[in-house]
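To start, the structure under review is shown below, and the notes come after it.
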Amino acid sequence: MHNQEIAWALAEMANLLEILGENPFKVRAIRKGAMVIEGLETPVSVLSVRGQLAKIDGIGKGLCAEIEELLQAGESRQLQRLREKVPPGVLDMLQLPGIGLRAVRTFFAEGYTTLEELEEGARKHRLRLLPGIAAKTELAVIRGVELLRRRSGKFGLGVARPLAEELLRFLQNLPEVSRAEITGDLRRSQEMVEEIHLLAASQEPAAILDLVKKHPMAAKQLAEDETFVRFAFAFGLPVRIEVTGESDFIARWVETTGTAQHWAALQSRGARPAKASNGVAGGQQGSSTECRAAAESDEGDWRRFISTQEAEEVFYEKLHLPWIPPELRETGKEVAQAEAGELPDLVELGDILGDFHIHTNWSDGVSSLEEMVSAGRSRGYAYMAITDHSQSLAVARGLSESKLREQHRTIRQLAAREKDFTLFSGIEMDILGDGRLDYADDILREMDVVIASVHTGLRQERHKVHTRLEAALKNPHVDIIGHPTGRLIGTREPYDVDIDWLLDLAAKTGTILEINSSPDRLDLSAPHARLAKERGVMIAINTDAHDRARLSEMAYGVANARRAGLEKDDILNTKPLAEVKKILARPKG
DNA sequence: GCCGTTTTCGGCCCGACTGTTTTCAGTCG
């Protein structure tokens with residue numbers, strides 16, 4: 001079982017216990033345990049073998065036993081008992097924004113056990129007859145069900161990508177498979193995907209499919225034919241494993257990576273799908289010829305001869321096009337752009353030199369200051385900013401002014417010991433509900449980096465939201481606006497902000513906007529980040545990491561920036577230290 | 001359920017906003 005699967009099982013257990021009225025502190029402890037497991041870098045199974053499970057902070061005797069059972073049996077008896085008591089639809093109700101525990105308990109007690117029943121009750125104005133429920137709650141139910149419906153059957157990048165990579169390793173390790181790659185929506189780094197699509201090349205496709213079908217991971221088979229098998233993987237996420245002959249691989253990879261529009265644009269330039277009638281797949285003259293030639297040379301190990309990406313470049317070359325990055329293969333218009341030589345030179349993960357949004361256990365982070373710094377160093381960063389929460393965000397143990405100054409003294413001491421690595425002292429300061437900022441200018445002046453973020457009053461009217469953001473953007477000490485729209489993908493709508501207004505103000509004031517890399521946020525979204533580039537607004541790609549492991553989420557932020565067409569020069573944290581310092585020090589407009 | 005002990009049970013992040021009522025509990029972050 002994966003760490004995330006175990007975390008989800010524990011979180012589900014916490015939710016079920018909560019609905020059944022269990023001690024809230026127990027519920028919170030289990031929920032915290034789930035979070036801790038999710039943030040671990042080492043597989044829980046490894047820690048279990050080493051006997052290190054109980055040493056983890058937040059995992060005690062009870063959770064340890066629960067986790068061991070999940071690892072060994074793949075399920076938990078306690079969880080199964082709880083599931084028998086509470087129908088799954090009731091758990092879903094907890095996901096509805098504005099609907100909390102009390103309301104869910106009321107609905108459950110009145111016999112509502114599915115979202116459909118609940119929605120019907122809301123639409124027919126029957127819910128308002130229940131104690132403590134009124135018209136506004138009915139509206140929240142109807143809106144919430146619509147939100148969940150849009151999300152249903154879709155999985156965030158943060159879940160799908162790691163699982164896909166694990167399956168990919170499995171395929172690549174099979175001796176009969178000459179190459180395997182991720183394709184489809186996931187290769188284009190879409191925010192939500194409906195399935196993992198993997199493509200493998202083999203001289204014995206039927207044998208590979210047989211092997212995959214017999215593997216325990218493919219137990220819940222959904223569909224199959226002679227070219228693919230589709231099964232439900234962890235969390236029920238559908239996986240499609242498709243096997244082609246080696247000569248068809250590249251054409252099929254291109255065909256399945258881009259949208260239908262992208263493929264159509266390529267076809268109009270002569271691209272032929274795999275398994276074309278003449279038996280030759282690929283571009284005008286059959287790009288696969290080279291691939292096959294490569295395969296037949298070098299004693300079959302053509303990976304050494306020509307890399308998969310190079311082979312894809314050959315495919316595009318045959319169409320007289322430069323290689324088009326997967327993240328851009330969307331509308332088909334990128335093909336004309338490519339032809340005109342107007343494709344952006346997209347930012348890459350390797351261009352990233354630092355991270356400007358990092359939490360530690362001084363506020364609501366899990367890892368210590370020292371752990372975050374060493375994790376940043378081992379990622380090869382040149383600089384990093386520590387930005388814990390500010391005083392008003394009490395739930396996140398935000399720092400009082402004196403605590404903030406104490407932290408900064410600690411950071412300076414730590415920074416003085418670091419060579420070839422710069423540690424900035426910063427803060428993620430709350431933009432308060434009434435438009436005030438959480439600290440006065442005299443303390444903000446002492447900071448190397450100030451991120452200003454909205455965490456409260458997310459349902460305010462637009463003019464109020466604008467007043468607040470305006471105060472932050474116009475403040476001479478605010479460098480970056482954190483997660484600028486406040487959305488949580490599939491869970492929470494953004495607050496009411498006119499993005500054009502925001503971008504204009506950012507451009508005018510020289511305020512940097514964040515791409516928050518968390519796969520739950522990706523905020524700015526790719527379309528918004530694209531607009532930001534057009535207005536000349538600088539972007540910082542930050543992780544907002546609360547533990548060491550999540551520093552790696554930078555990859556999602558970079559993928560999002562690539563979908564927006566951003567280049568290295570558009571991004572603050574690709575720039576060398578001297579330039580970063582200059583940018584942070586420049587007077588704002 | 002976890003933690004930290006003043007080792008064996010008590011404490012566990014909290015303040016603002018919102019919805020439902022009519023003075024406060026639920027919900028959110």
Side-chain angles (χ1 to χ4, degrees), chain A residues 9-11 13-37 53-67 69 76 78-79 82 93-107 122 127-141 143-144 359 361-366 388-400 403 428-436 438 453-461 464-465 468 482-483 486-488 491-495 518 520-521 523 544 546:
Chain A
L10 294 180
M13 192 179 289
N15 286 340
L16 290 165
L17 287 167
E18 190 171 38
I19 289 169
L20 292 169
E22 181 59 85
N23 173 7
F25 293 109
K26 177 174 168 177
V27 171
R28 190 196 289 171
I30 299 174
R31 218 165 257 158
K32 191 190 165 198
M35 268 183 58
V36 169
I37 297 294
L53 262 189
K55 287 183 195 148
I56 303 169
D57 214 28
I59 306 296
K61 244 178 155 181
L63 285 179
C64 203
E66 206 59 55
I67 293 166
E69 187 182 342
S76 147
Q78 197 196 347
L79 188 54
L82 291 170
M93 293 175 195
L94 267 185
Q95 311 259 327
L96 301 169
I99 306 300
L101 196 54
R102 183 199 52 89
V104 171
R105 282 203 195 130
T106 303
F107 298 146
L127 298 186
R128 64 180 68 178
L129 304 175
L130 305 175
I133 308 291
K136 281 219 170 177
T137 307
E138 289 181 336
L139 198 63
V141 165
R143 286 207 182 130
H359 295 274
N361 59 8
W362 280 69
S363 67
D364 64 345
V366 175
D388 272 309
H389 287 290
S390 63
Q391 52 193 356
S392 287
L393 205 64
V395 62
R397 301 195 299 129
L399 305 179
S400 66
K403 205 81 180 142
E428 182 184 17
M429 173 179 63
D430 260 59
I431 302 170
L432 304 181
D434 59 6
R436 284 178 305 126
D438 209 7
S453 303
V454 170
H455 291 116
T456 56
L458 298 165
R459 280 174 289 180
Q460 284 178 350
E461 294 166 38
K464 282 188 183 169
V465 173
R468 297 166 70 191
H483 39 74
R487 72 164 179 170
L488 292 177
T491 306
R492 188 174 76 202
E493 298 291 346
Y495 43 74
S518 165
D520 298 330
R521 290 189 183 269
D523 182 12
D544 198 357
H546 285 64

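Letters go in sequence order (proteins before strands), and every chain restarts at 1. What's counted below: heavy atoms across the whole structure, side chains too, no hydrogens, waters or symmetry copies.
- When distances are taken from the side chain of A:F25 to each of B:dC12, B:dC3, B:dT20, the shortest belongs to B:dC12.
- A:Y495 places its OH atom 13 Å from the C1' atom of B:dG29, with the value rounded to the nearest Å.
- Map A:V395 and A:A135 each onto its nearest nucleotide of DNA chain B; the residue landing nearer the 5' end is A:V395.
- With both ends at atom C1', the span from B:dC17 to B:dC12 equals 24 Å, rounded to whole Å.
- Residue A:T456 has no polar side-chain atom (N or O) positioned under 4.0 Å from OP1 or OP2 of B:dG15.
- Within the 4.0 angstrom heavy-atom criterion, only backbone atoms of the sugar-phosphate kind lie near A:T137; the bases stay farther away.
- B:dT27 sits 13 Å from B:dT20 when the C1' atoms are compared, rounded to a whole Å.
- By the 30° and 60° cut-offs, the orientation of the rings of A:H455 relative to A:H389 is perpendicular.
- Nucleotides B:dT23 and B:dT18, compared at atom C1', are 14 Å apart to the nearest Å.
- Among the protein residues, A:P24 comes within range of no part of the nucleic acid, since none of its heavy atoms lies under 4.0 Å from any strand.
- Look at NE2 on A:H455: it is 17 Å from C1' on B:dT27, rounded to the nearest Å.
- Between A:L94 and A:I19 the shortest side-chain heavy-atom distance falls below 4.5 Å.
- Across all strands, A:G433 comes closer than 4.0 Å to no nucleic acid atom at all (heavy-atom distances).
- In this structure, the NE2 atom of A:H359 is 18 Å from the P atom of B:dC13, given to the nearest Å.
- With C1' as the reference atom, B:dT6 and B:dG15 are 32 Å apart, rounded to whole Å.
- If you check B:dG1 for Watson-Crick or wobble pairing at under 3.5 angstrom, you find it paired to B:dC12.
- The distance from atom NZ of A:K26 to atom P of B:dC2 is 10 Å, rounded to the nearest whole Å.
- Under the side chain to side chain contact (heavy atoms under 4.5 Å, CB included) criterion, A:L130 pairs with A:T106, A:F107, A:E110, A:Y112, A:L127, A:I133, sequence neighbours left out.
- The existence of a salt bridge linking A:R143 and A:E493 is excluded, since no basic side-chain nitrogen approaches an acidic carboxylate oxygen closer than 4.0 Å.
- For B:dT7, the base adopts the syn conformation, since its glycosidic angle falls within 90 degrees of zero.
- Side-chain contact between A:L432 and A:R468 is absent, with no heavy atoms from C-beta onward closer than 4.5 Å.
- Spacing between B:dT8 and B:dC3 at atom C1', rounded to whole Å, works out to 12 Å.
- At a threshold of 4.0 angstrom between heavy atoms, the contacts of A:R397 include nucleobase atoms, whether or not backbone atoms are also involved.
- Between the CZ atom of A:R102 and the C1' atom of B:dG19 there is a distance of 9 Å, rounded to whole Å.
- Regarding contacts with the backbone of B:dG29, a side-chain N or O of A:R492 is found under 4.0 angstrom from either OP1 or OP2.
- By the side chain to side chain contact (heavy atoms under 4.5 Å, CB included) test, A:R105 pairs with A:L101, sequence neighbours left out.
- Nucleic acid contact class of A:A103 (heavy atoms, under 4.0 Å, all strands): sugar-phosphate only.
- Rounded to an integer number of Å, the gap from A:K136 NZ to B:dT27 P is 15 Å.
- No contact: A:L393 has no heavy atom under 4.0 Å from any strand.
- Nucleotides B:dG29 and B:dC13, compared at atom C1', are 12 Å apart to the nearest Å.
- Straight-line distance between the P atoms of B:dA16 and B:dT5: roughly 31 Å, to the nearest whole Å.
- Within 4.0 Å (heavy atoms only), A:N23 reaches at least one base atom of the nucleic acid.
- For A:L96 and B:dT27, the CG to P distance is 11 Å, given to the nearest whole Å.
- Between A:A394 and A:K32, the residue anchored closer to the 5' end of DNA chain B is A:K32, taking for each the nucleotide with the nearest heavy atom.
- For the P atom pair drawn from B:dG11 and B:dT22, the interatomic distance equals 33 Å after rounding to whole Å.
- Whole-Å rounding puts the A:L17 CG to B:dG1 P distance at 8 Å.
- Using a 4.0 Å heavy-atom criterion, one finds that A:K61 contacts the sugar-phosphate atoms exclusively.
- In this structure, A:Q391 contributes its side chain and A:D438 its backbone to a donor-acceptor pair below 3.5 Å.
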